[in-house]
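Letters go in sequence order (proteins before strands), and every chain restarts at 1. Computed from a predicted model, the values in this text were never measured in an experiment.
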Amino acid sequence: MKGMHNKKNLGEWLVTIPPLGWLFIFFMIPTIIAITIAFRPSSPYGDIEAGWTLENFIMLFSPTYITIIWRTIWISFISTIICLFFALPTGYYMARLSQKWRQIILLLIIVPFWTNFLIRIFAWKIILNPEGILQYILISLGIISKNTMMLYRTETVILVTVYTYLPFAILPIFAAAEKFNFKLLEAAQDLGASRWESFSRIFLPNISKGLKVATFMVMIPCLGSYIIPDLVGGTNSEMIGNLIATQAFIARNIPMAAAWATVLMAMILFPMGLVISTKLLSRKMAE
Amino acid sequence: MKCRNGFSKYITIAVLIFFYLPMVIMTINSFNNSRYGVEWSGFTLAWYKQLITDPKILYTLMNSLIIGISAMVTSMVIGTLAAFAIHHYKSRIQIFHQALIFTQLGVPDILMGMSLLLFFIAIHLRLGLITIYIAHVTFCISYVSMVVLGRLQNFDFKIIEAAKDLGADWYVITRRIFLPLISPGIIAGGLLAFTLSIDDFVITFFVTGPGSSTLPIYIYSMMKHGSPAVLNALSVLFLVVTFTLVYCSQRLIAPKKTR
């Protein structure tokens with residue numbers, strides 16, 4: 001009996017050590033290193049010095065930096081809301097289609113996003129270019145003036161963010177809606193519920209898991225966004241990601257970059273942990 | 001009911017137009033003689049010619065493929081092991097294991113790039129293809145294991161019990177029963193890993209060294225300094241390759257479905 005137990009343990013260790021070891025060495029340890037470096041003082045040349053300090057974090061609370069933290073949060077928030085607004089009807093519509101059309105639209109949504117991420121951003125740079133076609137059309141329609149700059153604005157960052165992450169919102173909502181029994185909506189309406197009532201009180205709660213996944217899928221990469229504001233944003237649309245890159249590559253202040261990274265990590269992992277732990281807690285209570 | 005379907009239909013159509021419009025404009029512009037394409041100044045293949053004669057494209061593409069394929073294979077093996085361990089054993093270690101995988105999925109690219117860079121510097125590992133490979137495997141493992149885990153949850157372990165009762169040993173069970181049944185999950189995870197690896201810019205940007213640029217890194221430098229028209233041409237090639245691959249894979253999957 002004891003021998004069998006050991007054998008089972010050995011089996012577990014054999015399959016667990018490669019993945020767990022890899023993640024431990026190349027994910028957990030680097031993350032811990034980054035967090036500890038955030039508490040190190042930096043020399044004027046940006047080198048890491050001995051000793052411990054909170055200075056890097058105190059610096060983060062200067063007004064310019066607070067603005068950037070807020071901007072990161074609200075850009076992510078608005079982008080997520082817009083993505084959900086478009087993803088919800090799209091997922092709903094796709095789920096009600098015939099099998100054949102469903103597959104076609106699903107492919108049409110997935111395929112463009114297998115092309116390079118940078119190229120998708122580049123496409124918008126071309127469209128919104130001052131010499132580009134959209135500017136030309138909008139000027140002739142009298143919607144914008146000749147001097148309106150459509151690139152390098154915060155709105156552009158939101159637009160391109162939505163373009164990039166919308167499929168990640170559509171897919172989980174569609175997956176949840178596909179499992180939904182649409183007869184329930186008809187039943188509710190037969191029982192006197194209005195169309196809006198049946199949608200909000202029956203459809204939405206039933207696909208809430210898909211909505212949650214969609215929110216996470218858009219919100220998390222948004223908060224850590226770096227390339228989009230870098231390529232289509234202006235000086236007034238810098239986000240935390242840009243600060244990390246600037247500190248790491250241009251200012252070469254590694255402890256400062258690490259401090260920003262730590263703040264961003266806390267911003268993401270704290271709500272995530274909260275959601276997971278409340279879920280675990282409610283499950284325990286139910287038991 | 002009809003009214004709501006109408007609304008969601010229009011939104012879906014609008015979304016599809018939104019997705020494809022940039023690509024259509026890019027394709028037209030790649031044949032346009034003018035650099036920004038305000039007006040049509042004649043059909044040209046010059047940008048494509050310029051693209052093929054650029055030796056750096058081929059070089060960086062090769063780097064991307066080498067890393068993509070090796071990261072895909074490694075993460076398929078390690079990710080499958082992770083999924084199996086988490087699904088099969090319910091010990092404390094596995095809770096930690098799963099938490100690590102979830103956290104990894106939740107951490108933005110820029111944080112991973114940053115902390116891996118600090119780590120590689122700390123252990124004095126020279127930045128290059130090896131460091132890019134390690135970084136890519138690290139973020140691919142979680143995705144592969146999530147996909148395989150999804151497949152395992154629908155897997156009936158009674159089949160394995162039955163095979164054991166019939167005298168099959170460990171090797172036969174793994175080779176003849178377990179792997180064939182979960183292989184669609186492993187392949188799907190591997191494809192996802194390959195796509196993520198080929199597409200990755202942010203993490204690679206942090207851990208790349210001299211001479212080890214991948215295609216996305218080169219595209220980025222082209223976006224900042226190069227000619228936009230050449231990039232249009234490159235994007236169209238990307239689209240063509242993607243659509244061809246998807247078409248072929250659909251073709252491969254389709255006969256199985258009807259069976």
Practice task
Sort B:F102 into side chain, backbone, both or neither according to what part of it lies under 4.5 angstrom from a heavy atom of chain A.
Solution key: backbone
Ring centres of [X] and [Y] under 6.0 Å apart?
| X | Y | answer |
| --- | --- | --- |
| B:F84 | B:F178 | yes |
| B:Y220 | B:F205 | yes |
| A:Y93 | B:Y10 | no |

Practice task
Classify the angle between the aromatic ring planes of A:F26 and B:F120 as parallel (below 30°), tilted (30 to 60°) or perpendicular (above 60°).
Solution key: tilted
By a 4.5 Å heavy-atom criterion (distance strictly below it), what part of [X] contacts chain B: side chain, backbone, both, or neither?
| X | result |
| --- | --- |
| A:P18 | both |
| A:L269 | side chain |
| A:L128 | neither |
| A:M265 | both |
| A:I25 | both |
| A:I127 | side chain |
| A:I220 | both |
| A:I37 | side chain |
| A:I227 | side chain |
| A:L231 | side chain |

Handout entry: By side chain to side chain contact (heavy atoms under 4.5 Å, CB included) - contacts of B:I13 (at least two apart)
Key = B:K9, B:I17
Completion exercise
Hits for side chain to side chain contact (heavy atoms under 4.5 Å, CB included) against A:V263, two or more places apart or cross-chain, chain-then-number order -> A:F57, A:L60, A:M267
Look at [options] and state which one has the largest set of heavy-atom pairs under 4.5 Å with chain A.
| options | result |
| --- | --- |
| B:K224, B:M112, B:M114 | B:M114 |
| B:L100, B:I93, B:L16, B:T195 | B:L100 |
| B:A135, B:S91, B:G113 | B:S91 |

Fill in the blank from the handout: Answer key: most heavy-atom pairs under 4.5 Å with chain B among A:A87, A:A257, A:P19, A:G224 is A:P19
Fill in the blank from the handout: Counting heavy-atom pairs under 4.5 Å with chain B, the top scorer among A:F216, A:F24, A:Y226, A:F85 is A:Y226
Fill in the blank from the handout: When every non-hydrogen atom of A:C222 is compared with those of A:T161, the smallest separation belongs to SG-CG2, 3.2 Å
Practice task
Please name the residue in the list A:Y165, A:Y163, A:W124 that meets the side-chain contact (heavy atoms from CB on, under 4.5 Å) test with A:I228.
Solution key: A:Y165
